[in-house]
Amino acid sequence: MQEGKATGISISNNFLRIIEIERRKDKISIDKILEIPLPEESSPLEEKKLSHTIKEKLAKEKFLRRGFISMADSDVVVRTKTVPPIKKEEIFKLIESEIKDYAIFGHSNVSLGFSTTNKEKDKADIVWAGVKEEKLFKTLKFIKRSGIKAYGVIPNDFALAESIYTLYNEEAPVAILNVDAETTKLVISKEKKLLFVYIQDIGTNSLLSNDTSSQSTWIGNILTTITYATRNLHIAIKELFLITQTSGSSEMLELLSSRLPYPIIIPNLLEKLNCNREEDYLILQGEKGVNFMAALGLALLSLDKKKNPLFCDISKHILREKQSTSIKIIITIILLGIINGGGYYAYPYVNGMLNRVKTNVQNTETKIRELSKASENANKLKSELANSKKELGLFQAAIKTAENRVITSALLIELKAKQPEGLHVISVSVSGSGAIHMSGIGSSYRNVLDFEENLATAKYIEGATIISMNKGVGGSVSFQMTAMVKGVSNGKK
């Protein structure tokens with residue numbers, strides 16, 4: 001096992017929790033913890049004030065601000081599947097048909113990952129997880145604004161299993177019940193592998209409101225599901241671990257104990273782990289201790305990363321739904337590159353297209369960075385793109401607009417000063433009313449978002465807003481933005 005410090009960041013329906021741990025030899029200690037309640041708005045992760053608060057607290061308490069994150073269970077689909085012994089890219093094609101059956105995705109772009117739980121000569125058992133790209137992107141943007149670098153996004157199911165196996169060294173099959181405000185997840189695991197996952201849309205919001213109908217349905221679904229899973233998997237459950245993301249673990253325990261024929265355990269982090277701060281010890285020894293189980297698992301996975309069979313990063317692979325057809329193209333994209341910079345982008349499953357033009361793409365991107373006089377060098381850039389014309393049509397379209405720049409010298413100087421490395425504004429126009437319209441090419445989504453943030457402090461420009469971003473072959477992102485010449489909209493000169 002790898003030694004060192006690590007941080008895990010879990011996001012549930014109502015809370016963001018962070019735990020920093022240190023592993024030395026076989027001993028794990030908790031350095032510090034942090035819990036931030038999420039506001040009850042429909043989109044709490046879009047609150048910039050919240051991000052600023054988190055960033056300040058992390059800096060003040062000197063947290064290690066990087067690690068794996070998780071998202072609320074209500075946003076993530078996790079399923080098991082048996083597939084023939086085929087290559088990884090073919091497995092994604094098989095998942096396509098299953099993706100379309102889930103209303104949660106609504107024909108949107110989906111980011112997913114999977115891990116193999118059992119491999120035999122004639123088949124393989126996998127567990128895959130998916131999330132809408134839009135929700136994933138908003139979460140990663142929130143994490144970046146909060147001053148955290150995300151290594152990846154791992155569902156709570158995997159993180160909780162990692163915590164259980166670390167704390168209790170279980171070898172027999174176990175059931176893990178994860179109760180959040182709006183959902184309940186049941187996971188059956190054996191030997192650090194997820195064998196079965198079930199979710200129901202009943203959580204503590206209903207269970208703690210004395211809604212006897214919801215309570216009966218909840219318990220009945222859990223008992224029926226465990227019975228069904230154990231019979232089909234030919235395993236015997238030794239015990240059930242109860243984990244809650246809100247308060248109410250003792251109430252949940254009382255409800256379950258009266259109906260389920262299994263020992264029910266509420267995990268206690270302090271049974272196995274040392275805690276370095278007294279204030280954190282007082283929190284963890286109470287009811288809130290179990291709330292940090294997912295964050296602990298994420299921190300542990302940060303240390304082991306891909307060597308761990310419970311590693312399943314859902315931020316890497318995107319299934320893109322075309323408007324006119326069903327899902328047809330599988331795009332491999334490292335979304336962490338969007339948020340944290342430096343990603344490598346490819347279309348590896350579309351007839352090996354990128355492999356044939358990879359060298360041209362890289363050479364072209366180098367040329368684009370070098371060309372600062374866009375209008376004068378348009379023809380030169382076009383000739384550089386000739387060998388990859390079909391794959392890099394996006395660049396050619398942008399270059400055609402470069403000769404039509406209309407901008408004052410003051411705005412031009414400021415725009416160039418605010419451009420992050422790797423981004424180029426190709427076309428800028430200013431109307432008589434002071435409205436600015438600009439388009440260009442960035443190296444990634446994050447690259448374009450940084451440009452928008454930089455313009456917020458501009459001297460001559462205000463209200464800069466991205467109106468569109470489109471990814472092209474090779475990973476480049478064409479964008480359009482609007483803004484106003486500062487002072488024109490409010491009557492100033």
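If you read the sequence from its start, that first residue is 1, and numbering goes on from there.
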May I ask you to check whether [X] and [Y] show a side-chain donor-acceptor distance below 3.5 Å?
X    : Y    : answer
N13  : S74  : yes
S209 : D211 : no
T183 : D201 : no
N178 : D73  : yes
N14  : Q245 : no
K418 : T457 : yes

Discussion item. Tell me whether the NZ or CZ atom of K81 lies within the 45° cone about the ring axis of F114 and under 6.0 Å from its centre.
Written reply: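 Pair K81/F114 does not count as cation-pi.
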
Report task. Enumerate the residue pairs fulfilling side-chain hydrogen bond (donor to acceptor under 3.5 Å, both in side chains) with a member in residues 221-237, sequence neighbours excluded, ordered by first and then second residue. Result ->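 For residues 221-237, and leaving out neighbouring residues, the side-chain hydrogen bond (donor to acceptor under 3.5 Å, both in side chains) pairs sorted by first residue read Q200-N221.
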
Check: ring pair (Phe, Tyr, Trp, His ring centres under 6.0 Å) with Y168: which residues, sequence neighbours excluded?
Finding: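 For Y168, the residues satisfying ring pair (Phe, Tyr, Trp, His ring centres under 6.0 Å) (neighbours in sequence not counted) are F241.
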
When rounded to the nearest 0.5 Å, the distance separating OG1 of T246 from CG of L208 is 6.0 Å

Quick one: closest heavy-atom pair of [X] and [Y], and the distance?
X    : Y    : answer
G442 : N447 : CA-OD1, 3.5 Å
P267 : I164 : CG-CD1, 3.9 Å
D313 : Y151 : OD2-O, 4.1 Å
V477 : S444 : CG2-C, 3.6 Å
S315 : G152 : OG-CA, 4.0 Å
L269 : G289 : CD1-O, 3.4 Å

### Query
Among D157, I226, I199, which one satisfies side-chain contact (heavy atoms from CB on, under 4.5 Å) with L186?
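The residue from D157, I226, I199 that satisfies side-chain contact (heavy atoms from CB on, under 4.5 Å) with L186 turns out to be I226.
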
Among I176, D180, V179, V197, which one satisfies side-chain contact (heavy atoms from CB on, under 4.5 Å) with K185?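 Testing K185 for a side-chain contact (heavy atoms from CB on, under 4.5 Å) against I176, D180, V179, V197 leaves exactly one candidate, V197.
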
For residues 188-195, please give each side-chain donor-acceptor pair under 3.5 Å, one per line with the distance, not counting sequence neighbours.
from: S189; atom 1: OG; to: Y165; atom 2: OH; distance (Å): 2.9
from: S189; atom 1: OG; to: K193; atom 2: O; distance (Å): 2.9
from: K192; atom 1: NZ; to: E162; atom 2: OE1; distance (Å): 2.9
from: K193; atom 1: NZ; to: T117; atom 2: O; distance (Å): 3.1

Check residues 247-259 and write down every donor-acceptor pair under 3.5 Å in which the side-chain atom is one partner and the other belongs to a residue at least two apart or another chain.
from: S249; atom 1: OG; to: E287; atom 2: OE2; distance (Å): 3.3
from: S257; atom 1: OG; to: L253; atom 2: O; distance (Å): 2.7
from: S258; atom 1: OG; to: L255; atom 2: O; distance (Å): 3.0

| message | Tell me if a side-chain donor or acceptor on T184 pairs with a main-chain N or O of I202 at a distance below 3.5 Å. | response | yes

Residues passing the salt bridge (Lys or Arg N to Asp or Glu O under 4.0 Å) test with K238, sequence neighbours excluded, are E170

Applied to residues 56-72, the salt bridge (Lys or Arg N to Asp or Glu O under 4.0 Å) test, sequence neighbours excluded, yields E61-R277

